[in-house]
Amino acid sequence: MATEIIQANTDFLPINLIDKAITKGTDIASLEKLMDLQERWEKSQAQKAFNHALAKFQQQCPTLIKKKDGHHYKYTPLGDIIAQIKDVLFNNGLSIRFEQDHSNGITVSCIVSHLDGHKESTTMNASPDKTGSKNDVQAIGSTVTYLQRYTLIGALGITTADDDMDGRINGNTVDPEYLNLLLSLCEQHIVNGLDLFRNFWKSLTKKQRDIIGTDKMNEFVNKAKEHGATN
């Protein structure tokens with residue numbers, strides 16, 4: 001009985017419908033519609049596979065070790081993050097790459113791809129970091145590395161525990177740029193649906209969740225539900 005059910009279901013897969021249509025000599029217009037249906041079905045399956053792989057990655061991703069000393073904090077440099085997650089990415093069929101655009105400030109995108117073809121990106125923009133005695137090239141390089149680090153963290157929904165951004169919290173004062181970044185990361189994960197948004201929320205430190213607040217979190221949850229609870 002189970003075999004019969006599986007066979008009945010696969011009969012209605014777009015690719016099988018195309019085969020039947022060709023056998024019956026269906027007209028070109030109808031075949032084109034079936035091919036469009038097949039393309040949409042493949043994209044849908046690829047997105048589901050991507051979301052499943054990302055959820056498994058977030059579950060298996062280790063707590064990142066912070067080795068670099070900053071101003072009153074420790075953090076995990078970009079190279080260390082990649083070194084610590086590359087095997088988990090590979091085991092879940094995921095890969096990452098970065099793209100840059102310098103036409104309006106410095107824009108960096110982290111693109112996460114799945115072997116089934118679906119990909120998603122997280123993008124951030126900033127000005128060259130001219131603090132200290134950096135020359136022009138060093139200022140650009142510093143900003144690119146900074147943006148690569150945070151687009152990677154945002155795209156994968158990972159945390160470095162007491163992240164270096166927490167160094168921008170002093171008593172009851174929170175750097176507005178830091179708050180905006182946290183809110184932006186939440187917004188970017190909403191499109192993945194409620195389940196993946198919750199995984200991202202859990203990946204934040206308690207300090208980060210407290211900064212965002214319960215009311216804002218509930219607002220994000222409602223938005224995520226609009227994108228489907230299991231997308």
Side-chain angles (χ1 to χ4, degrees), residues 54 57-58 61-90 94-113 119-190 200-201 203-213 216 220:
L54 183 59
F57 166 82
Q58 291 174 341
C61 185
T63 298
L64 301 178
I65 300 173
K66 302 179 294 297
K67 299 179 180 178
K68 187 76 171 180
D69 290 318
H71 184 63
H72 302 306
Y73 57 83
K74 283 183 175 289
Y75 69 98
T76 313
L78 175 65
D80 287 358
I81 294 176
I82 293 175
Q84 293 177 57
I85 67 174
K86 64 180 182 180
D87 289 341
V88 186
L89 282 171
F90 177 81
L94 297 169
S95 63
I96 58 170
R97 63 184 174 88
F98 297 98
E99 291 185 350
Q100 300 180 35
D101 181 358
H102 295 251
S103 61
N104 183 22
I106 300 174
T107 300
V108 171
S109 297
C110 177
I111 302 167
V112 183
S113 303
K119 61 184 178 182
E120 295 187 3
S121 64
T122 296
T123 300
M124 293 179 64
N125 176 275
S127 301
D129 175 17
K130 296 184 178 181
T131 60
S133 56
K134 298 183 183 72
N135 59 38
D136 290 345
V137 174
Q138 290 171 330
I140 293 173
S142 175
T143 297
V144 167
T145 300
Y146 178 90
L147 295 178
Q148 286 178 332
R149 185 174 185 274
Y150 285 113
T151 54
L152 174 64
I153 289 172
L156 294 175
I158 59 178
T159 178
T160 58
D162 294 326
D163 200 273
D164 65 321
M165 291 189 297
D166 284 348
R168 301 174 74 174
I169 306 170
N170 181 14
N172 295 323
T173 303
V174 179
D175 188 325
E177 291 184 1
Y178 174 46
L179 175 59
N180 289 336
L181 176 57
L182 281 178
L183 297 179
S184 176
L185 293 178
C186 288
E187 291 280 6
Q188 290 162 3
H189 282 81
I190 281 176
F200 172 71
W201 182 263
S203 76
L204 298 176
T205 65
K206 182 180 184 301
K207 185 183 294 185
Q208 290 169 331
R209 292 196 295 268
D210 288 344
I211 290 171
I212 296 172
K216 195 66 178 177
F220 285 133

Asks: I'd like to check V112 versus K119 (side-chain heavy atoms, cut-off strictly below 4.5 Å). Are they in contact?
Replies: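 V112 vs K119: side chains apart.
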Asks: If you define the side chain from C-beta out and look only at heavy atoms, does anything of I212 sit under 4.5 Å from F220?
Replies: yes
Asks: Looking at residues at least two apart in the chain, or sitting in another chain, which of them share a salt bridge (Lys or Arg N to Asp or Glu O under 4.0 Å) with K216?
Replies: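 Result, salt bridge (Lys or Arg N to Asp or Glu O under 4.0 Å) vs K216: E219.
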Asks: If you look only at distance, which donor and acceptor atoms sit under 3.5 Å apart when one is on a side chain in residues 135-143 and the other is two or more places apart or in another chain?
Replies:
from : atom 1 : to   : atom 2 : distance (Å)
N135 : OD1    : V137 : N      : 3.1
N135 : OD1    : Q138 : N      : 2.7
Q138 : OE1    : N135 : N      : 3.0
S142 : OG     : D129 : OD2    : 3.0
T143 : OG1    : S127 : O      : 3.0
T143 : OG1    : D129 : N      : 2.8
T143 : OG1    : A139 : O      : 3.2

Asks: Let me confirm one number: the CD1-CZ distance from I111 to R97, rounded to the nearest 0.5 Å.
Replies: 3.5 Å
Asks: Ignoring hydrogens, what is the shortest heavy-atom contact between P62 and V88? Give both atom names and the distance.
Replies: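 Of all heavy-atom pairs spanning P62 and V88, the closest is CD-CG2, 4.2 Å.
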Asks: What is the distance from atom CZ of F57 to atom CD1 of I158, rounded to the nearest 0.5 Å?
Replies: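 F57 atom CZ to I158 atom CD1 measures 5.0 Å (nearest 0.5 Å).
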Asks: Side-chain contact test, heavy atoms from C-beta onward, threshold under 4.5 Å: evaluate it for V144 versus Q100 and give yes or no.
Replies: yes
Asks: Looking at I85 and C61, what are the two nearest heavy atoms and their distance?
Replies: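 Looks like CG2-SG, 3.8 Å.
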Asks: Quick one: does Q58's side chain have a donor or acceptor within less than 3.5 Å of a partner on L156's backbone?
Replies: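 Between the backbone of L156 and the side chain of Q58 there is a qualifying donor-acceptor contact (under 3.5 Å).
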Asks: One pair to check against side-chain contact (heavy atoms from CB on, under 4.5 Å): T123 and V108. What are the steps and the verdict?
Replies: CA-CA 6 Å; T123 300; V108 171; over 6 Å; no
Asks: Write out all pairs satisfying salt bridge (charged side-chain N to carboxylate O under 4.0 Å, His left out) with one or both partners inside residues 81-90, taking only residues at least two apart or from two chains.
Replies: none
Asks: Looking at CD of E99 and SG of C110, how far apart are the two atoms once the value is rounded to the nearest 0.5 Å?
Replies: 10.0 Å
Asks: Enter the distance from T151:OG1 to Y146:OH here, rounded to the nearest 0.5 Å.
Replies: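 One gets 11.0 Å once the value is rounded to the nearest 0.5 Å.
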Asks: Rounded at 0.5 Å granularity, tell me how far CD1 in I96 sits from CD1 in I81.
Replies: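 So the CD1 of I96 and the CD1 of I81 are separated by 9.5 Å.
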Asks: Show your working on side-chain contact (heavy atoms from CB on, under 4.5 Å) between I82 and L152 and close with a plain yes or no.
Replies: CA-CA 9 Å; I82 293 175; L152 174 64; 4.0 Å; yes
Asks: I need the L78 CG to Y150 OH distance, nearest 0.5 Å.
Replies: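 OH of Y150 is found 11.0 Å from CG of L78.
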Asks: Judged by atom type as modelled, is there a donor-acceptor pair below 3.5 Å linking the side chain of N125 to the main-chain atoms of I106?
Replies: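 Answer holds: yes.
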